[in-house]
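Accompanying notes for the structure given below.
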Amino acid sequence: SECRFGGGWEAAMPLIERGDAITGGLGPKTFRISDQEYRTWLCVRNWDTSLQVRCGATPGDWVCFKYAEHAQEFEFYGLDQDLRLVSERTRMEADGKAAYGLKSVFVG
């Protein structure tokens, strides 16, 4: 019942473009655990229904992962409703992208 996001940054890019992923730097919160270093985070929504459920997320919830630099993989960080990584403005921009994406599908 592991909550994970596979495929690294390559898998994240299309989600970012369609407004279903947001990324940022940990800045002063950058930290190390043994040999792993964490500098960036990724929050995603609506990417894989079965995985989202394992993360304790319902549709539309932002699930956040921290990126392990050496292992080059994302590790579960928490739900954004607890972490508050995604700013209101960024969230609105993502919603706008997602809405525009839906429109362009229907217009086509």
Side-chain angles (χ1 to χ4, degrees):
S1 69
E2 198 188 353
C3 168
R4 60 189 185 78
F5 180 80
W9 290 110
E10 207 172 312
M13 293 320 280
L15 291 171
I16 291 169
E17 281 166 25
R18 73 171 200 224
D20 281 330
I22 292 170
T23 183
L26 286 165
K29 294 197 198 96
T30 294
F31 60 97
R32 297 180 81 94
I33 297 174
S34 64
D35 65 336
Q36 283 298 347
E37 189 171 2
Y38 302 93
R39 289 190 219 139
T40 48
W41 54 265
L42 173 79
C43 295
V44 287
R45 63 179 176 183
N46 307 329
W47 83 101
D48 178 318
T49 315
S50 61
L51 284 175
Q52 284 165 222
V53 170
R54 287 187 200 171
C55 299
T58 56
D61 283 347
W62 292 99
V63 180
C64 303
F65 299 87
K66 55 191 189 297
Y67 188 69
E69 299 290 336
H70 301 301
Q72 298 194 330
E73 61 186 20
F74 289 104
E75 294 176 11
F76 181 57
Y77 197 14
L79 296 180
D80 188 59
Q81 57 205 39
D82 304 318
L83 295 168
R84 300 266 174 239
L85 293 169
V86 182
S87 72
E88 197 58 43
R89 182 170 159 246
T90 314
R91 188 176 311 227
M92 284 167 69
E93 278 171 16
D95 288 343
K97 267 191 212 169
Y100 178 78
L102 289 173
K103 273 195 218 98
S104 57
V105 169
F106 292 125
V107 170

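What you see is a predicted model; the values in this text were computed from it and never measured.
- Judged by distance alone, the side chain of T23 and the main-chain N or O of W41 form a donor-acceptor pair under 3.5 Å.
- How far CG of N46 is from CH2 of W62: 8.0 Å, rounded to the nearest 0.5 Å.
- Q52 places none of its side-chain heavy atoms less than 4.5 Å from the side chain of D61.
- For the atom pair CG (L26) and OH (Y77), the distance works out to 5.0 Å, reported to the nearest 0.5 Å.
- Residue V44 is not grouped with residue V86 when hydrophobic side chains (ILVMFWY) are merged at heavy-atom distances under 4.5 angstrom, including chains of intermediate members.
- What you find for A12 and A21 is that their closest heavy atoms are O-CB, 4.3 Å.
- In this structure, SG on C64 lies 10.5 Å from CZ on R84, to the nearest 0.5 angstrom.
- Electrostatic pairing of R89 and E93 counts as a salt bridge here, judged by a charged N lying under 4.0 Å from a carboxylate O.
- Once rounded to the nearest 0.5 Å, the distance linking NZ of K97 with CD1 of I22 reads 8.0 Å.
- Nearest heavy atom pair, residue Q36 against residue E69, reads OE1-N, 3.9 Å.
- The two atoms that bring G19 and A94 nearest to each other are O-CB, 3.5 Å, heavy atoms only.
- E73 CD to K66 NZ: the interatomic distance, rounded to the nearest 0.5 Å, is 10.5 Å.
- Note on L51 and F74: same hydrophobic cluster, where clusters join Ile, Leu, Val, Met, Phe, Trp and Tyr whose side-chain heavy atoms are under 4.5 Å apart, directly or indirectly.
- Within the 4.5 Å cutoff, side-chain heavy atoms of R91 are placed close to those of D80.
- Using a cut-off of 4.0 Å between Lys/Arg side-chain N and Asp/Glu carboxylate O, R45 and D95 are scored as salt-bridged.
- The SG atom of C43 sits 11.0 Å away from atom CD1 of I16, with the distance rounded to the nearest 0.5 Å.
- For the ring-ring contact (aromatic ring centres under 6.0 Å, His included) with Y67, the lone residue among F76, F5, W9, Y38 that qualifies is W9.
- In plain terms, the two heavy atoms of R54 and E2 that are nearest each other are CD-O, 3.2 Å.
- Pairing each heavy atom of A57 with each of L79, the nearest pair is CB-CD2, 4.1 Å.
- Between H70 and E37, the shortest heavy-atom distance links the atoms CD2-N, 3.9 Å.
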